[in-house]
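In this text the structure is predicted, and so the values were computed from the model without any measurement. Below, chains carry the letters A, B, ... as their sequence lines are ordered, and counting in each starts from 1.
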Amino acid sequence: MAQKPSIPKGTRDFGPEVMVKRNYIFDTIKSVFKLYGYQPIETPTMENLSTLLGKYGDEGDKLLFRVLNSGNFLAGIDQPEALDAVRLSPMISEKGLRYDLTVPFARYVVQYRNEIVFPFKRYQIQPVWRADRPQKGRYREFYQCDADVIGSESLLNEAELVQLVDDVFKRLNISTIVKINNRKILAGIAEYIGHPDSLIPITIAIDKLDKTSIEAVNAELLGQGISQQAVDLLQPVLFMKGTADEKFNLLAGLLQNSETGLKGISEMRLLFDYLKAMDIELTYELDLTLARGLNYYTGAIFEVKARDAQMGSICGGGRYDDLTGIFGMPDVSGVGISFGADRIYDVMTELSLFPETSSESTAVLFTNFGDREAKYCLPMLKSLRESGINAEIFPEAAKMKKQMKYADQKHIPVVIIVGEEEIANNQLTIKWMQKSEQETIPKQELIQHLSLSLEN
RNA sequence: GUGGUUGUAGCUCAGUUGGUUAGAGCACUAGUUUGUGGCACUAGGGGUCGCGGGUUCAAAUCCCGUCUUCCACCCCA
């Protein structure tokens, strides 16, 4: 064979069986989004780099896929070989693949601000790209399923998103835990320990607490220039025990001099009150070690993990107060959640949670013994399809064995066999593949015969 | 970006201290069976051993580079 074709690192092809399962996830999420009043939008695969750069932190900028300019992209550049990659890149590339769906959404909102009715609830299900090294649960191309409310500061939105998460994972039958925290509380803690400017390094360090030891986290903090005294102050906060209310009370005492921190506490108290009233079924908890990497979050932050599978977060989100401000539209607050469809797929595969039956496969196959027989079948094929039964006819007058094998491998449960004899008697033979039984019936009885049996 | 790991038929993998013509199972095609799938038997097709270079009389096997796979770190869905 010649050179084997291949696909880029970290990307995947999806065959029919996988797509049926993936669609089950997408359809479930989409139906819940609609149920909560979110409306669909799509944005382009490519954005201008000016839209994307600087929104995800330094690390995020490194992970952006950049698109080379079209045409002679070196035109007008003197001695390009003398420039390093950092200098050259902006000269030859002005577009990039989208890194998430939130930033393009913020851009969209600013651009169409006069046409949008606020608060705007939108959902968006599209692939995103990150030039990461692939590993377990990590791909370079993956789908995010986002729901965001923009133009409303109410904590009711946060509460509703948690309820939505509850709804989605209940339908997918995944047992999850939702961790909730608030960037304002984290900011308050940073103030409390005397390092208000080190919020990001502090949160990144303590976010690792569930993966590594407290010693390692403390070592990282000291390495980031946090004083020993501050690290000592941080310890009781990290290991705060009790119910959410008890934690809030303790925090309120510690953060009494931080206006931001107190604001965060009161936000969280209200959110937890709402959640109580909503009768959420899944487990949710205040987790002060939850940080989340994206820099644009300013209030509540969420992360969802599957309880029975070893996998990073399968869903995450939070509130961002000024994402549109970067694009020239200040003071518009939004909050959103993003489901990682590919990780959800991996979790469901690991736990065997996919339902066995699917509405996306063929239920009935007509065999084909020649033109005359095929023409006899075509009206029946049409009426089956009109009744909503997935049906197909084998397109060639191939050997019986081949057609049966086709049905077998496609897991088609019913095969209709029509030959000279059936045509002469205005009949058809219906074969049930699983039971390996067959019967010959008048052809006009096909549909009722099928619907009776398919129900059982 | 750092460290490790993997690559042989469509798929899963054997292949000895370098040594004839690189194998197996599954899958595929045809037949045993001209109107019956799964099971069995028979026969057949299919490989520049990831790619490039080096060592050697001789390389799937040893060395270097590169791409890819998977895993960990960084970071994240």
Side-chain angles (χ1 to χ4, degrees), chain A residues 1-12 15 25 29 56-64 85 98-102 125-146 200-201 203-205 207-208 211-212 216 220 291-295 302-306 310-318 336-347 365 367-370 373 394 397-423 428-438 440:
Chain A
M1 195 169 70
Q3 284 278 352
K4 259 190 231 172
S6 63
I7 55 175
K9 183 199 280 216
T11 65
R12 297 156 300 155
I25 294 173
I29 292 173
Y56 309 108
D58 291 343
E59 203 64 35
D61 286 354
K62 280 187 211 154
L63 299 180
L64 282 172
R98 78 168 98 73
Y99 180 90
D100 74 354
L101 300 177
T102 307
I125 299 177
Q126 290 189 273
V128 302
W129 292 267
R130 296 182 189 178
D132 225 344
R133 279 234 186 141
Q135 56 176 285
K136 184 178 166 74
R138 176 171 303 190
Y139 308 101
R140 291 185 137 186
E141 177 184 59
F142 60 97
Y143 271 76
Q144 290 193 331
C145 311
D146 275 36
I200 302 282
T203 54
I204 287 175
D207 196 37
K208 290 171 190 159
K211 264 179 131 178
T212 174
E220 177 168 341
R292 291 194 58 71
L294 293 174
N295 286 343
F302 311 103
E303 192 161 285
V304 183
K305 291 194 139 186
Q310 196 120 40
M311 176 64 71
S313 64
I314 54 177
C315 178
I337 196 91
S338 178
F339 292 84
D342 302 80
R343 285 189 176 177
I344 292 174
Y345 179 94
D346 290 344
V347 167
L365 173 76
T367 55
N368 182 343
F369 294 151
E373 289 87 347
F394 201 85
K399 284 183 180 166
M400 182 72 146
K401 178 169 177 156
K402 181 165 180 163
Q403 303 192 37
M404 295 300 291
K405 199 165 184 180
Y406 176 82
D408 187 40
Q409 293 187 324
K410 259 184 104 170
H411 302 114
I412 300 173
V414 175
V415 174
I416 309 285
I417 301 163
V418 170
E420 274 179 47
E421 224 173 282
E422 282 88 351
I423 296 180
L428 54 83
T429 295
I430 178 166
K431 168 156 179 161
W432 309 93
M433 294 296 279
Q434 273 137 14
K435 283 182 283 184
S436 197
E437 288 168 8
Q438 65 187 57
T440 303

What does [X] touch in the nucleic acid at a heavy-atom separation under 4.0 angstrom: a base, only the sugar-phosphate, or nothing?
{"X": "A:I314", "answer": "sugar-phosphate"}
{"X": "A:G10", "answer": "sugar-phosphate"}
{"X": "A:Y143", "answer": "nothing"}
{"X": "A:E373", "answer": "nothing"}
{"X": "A:G312", "answer": "nothing"}
{"X": "A:G57", "answer": "nothing"}
{"X": "A:K410", "answer": "nothing"}

*Give a yes or no on whether a donor-acceptor pair under 3.5 Å exists between the nucleobase atoms of B:G35, that is its base, and the side chain of A:E422.*
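Yes, the side chain and the base share a sub-3.5 Å donor-acceptor pair.
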*Does A:Q438 make a side-chain donor-acceptor contact with the base of B:U36, cut-off 3.5 Å?*
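In this structure, the two groups form a donor-acceptor pair.
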Looking at [N], I'd like to know if its phosphate oxygens (OP1 or OP2) sit under 4.0 Å from a side-chain N or O belonging to [X].
{"X": "A:K136", "N": "B:C71", "result": "no"}
{"X": "A:K399", "N": "B:U36", "result": "no"}
{"X": "A:Q144", "N": "B:A77", "result": "no"}

How many Å lie between [atom1] on [X] and [atom2] on [N], as a whole number?
{"X": "A:D342", "N": "B:A77", "atom1": "CG", "atom2": "P", "value": "13 Å"}
{"X": "A:K402", "N": "B:U34", "atom1": "NZ", "atom2": "P", "value": "17 Å"}
{"X": "A:M404", "N": "B:U36", "atom1": "CE", "atom2": "C1'", "value": "5 Å"}
{"X": "A:Q409", "N": "B:C26", "atom1": "CD", "atom2": "P", "value": "15 Å"}
{"X": "A:E59", "N": "B:C73", "atom1": "CD", "atom2": "P", "value": "14 Å"}
{"X": "A:R12", "N": "B:U69", "atom1": "CZ", "atom2": "C1'", "value": "14 Å"}
{"X": "A:D100", "N": "B:C75", "atom1": "CG", "atom2": "C1'", "value": "14 Å"}
{"X": "A:R140", "N": "B:A77", "atom1": "CZ", "atom2": "P", "value": "17 Å"}

Minimum side-chain heavy-atom gap [X]-[Y] below 4.5 Å:
{"X": "A:C315", "Y": "A:I337", "result": "yes"}
{"X": "A:L101", "Y": "A:V128", "result": "yes"}
{"X": "A:Y139", "Y": "A:T11", "result": "no"}

*Going by atom types alone, do A:Y56 and A:D100 pair a side-chain donor with an acceptor below 3.5 Å?*
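Short answer, yes.
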*For residues A:E437 and A:W432, is any side-chain donor paired with an opposing acceptor at under 3.5 Å?*
no
*asked:* On a heavy-atom basis, which atom in A:R343 and which in A:G137 lie closest, and how many Å separate them?
replied: NE-O, 2.6 Å
*Using salt bridge (Lys or Arg N to Asp or Glu O under 4.0 Å) as the criterion, list what pairs up with A:E422, not counting sequence neighbours.*
none
*salt bridge (Lys or Arg N to Asp or Glu O under 4.0 Å) against A:K431, all qualifying residues, sequence neighbours excluded*: none
*With centres under 5.5 Å and planes under 30°, do A:F369 and B:G35 count as stacked?*
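Here the ring of A:F369 and the base of B:G35 are not stacked, as the 5.5 Å and 30° limits are not both satisfied.
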_Ring-face cation contact, A:Y99 with A:R130, 6.0 Å cut, 45° max_ = yes
_Watson-Crick or G-U pairs under 3.5 Å in RNA chain B, rendered as dot-bracket with [ ] for crossing pairs and | for another strand_ = ((((..(..((((.....[...)))).(((((.......))))).....(((((..]....))))))..))))....
Atom [atom1] of [X] and atom [atom2] of [Y]: how far apart are they, to the nearest 0.5 Å?
{"X": "A:L64", "Y": "A:E59", "atom1": "CG", "atom2": "CD", "result": "11.5 Å"}
{"X": "A:I416", "Y": "A:T367", "atom1": "CD1", "atom2": "OG1", "result": "8.5 Å"}
{"X": "A:E373", "Y": "A:I417", "atom1": "CD", "atom2": "CD1", "result": "12.5 Å"}

[atom1] atoms of [N] and [M], separation to the nearest Å:
{"N": "B:G18", "M": "B:U55", "atom1": "C1'", "value": "12 Å"}
{"N": "B:U8", "M": "B:G1", "atom1": "P", "value": "25 Å"}
{"N": "B:A27", "M": "B:U17", "atom1": "P", "value": "33 Å"}
{"N": "B:G53", "M": "B:C41", "atom1": "C1'", "value": "49 Å"}
{"N": "B:G45", "M": "B:A24", "atom1": "P", "value": "12 Å"}
{"N": "B:U21", "M": "B:A58", "atom1": "C1'", "value": "16 Å"}
{"N": "B:C67", "M": "B:C74", "atom1": "P", "value": "24 Å"}
{"N": "B:G47", "M": "B:C11", "atom1": "C1'", "value": "14 Å"}

*asked:* Determine whether a donor-acceptor pair (N or O, by modelled atom type, separation under 3.5 Å) exists between the side chain of A:R138 and the backbone of A:D132.
replied: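 Not at all, since once roles are kept as given, no pair shorter than 3.5 Å links the two residues.
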*Between the main-chain N or O of A:F339 and the side-chain N or O of A:D146, is there a donor-acceptor pair closer than 3.5 Å?*
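It does not hold such a pair.
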*For nucleotides 38-44 of chain B, read 5' to 3', which letter fits each nucleotide if B means a protein heavy atom sits under 4.0 Å from the base, S means only the sugar-phosphate is that close, and - means neither?*
B------
*Give every residue pair that meets the side-chain hydrogen bond (donor to acceptor under 3.5 Å, both in side chains) criterion with at least one member in residues 406-416 of chain A, sequence neighbours excluded.*
A:E392-A:Y406, A:E392-A:K410, A:Y406-A:K410
*Return the nearest nucleotide to the side chain of A:R343; candidates are B:C70, B:C76, B:C71.*
B:C76
*Closest nucleotide of RNA chain B for A:K208 versus for A:T11: which of these residues is on the 5' side?*
A:T11
*Toward the 5' end of RNA chain B, which comes first, A:V418 or A:P8, by nearest nucleotide?*
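Checking each residue's closest nucleotide, the 5'-ward one belongs to A:V418.
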Atom pairs, N/O to N/O, protein against nucleotides 3-5 of chain B, distance under 3.5 Å?
residue, atom, partner, partner atom, Å
B:G3, O6, A:R133, NH1, 3.2

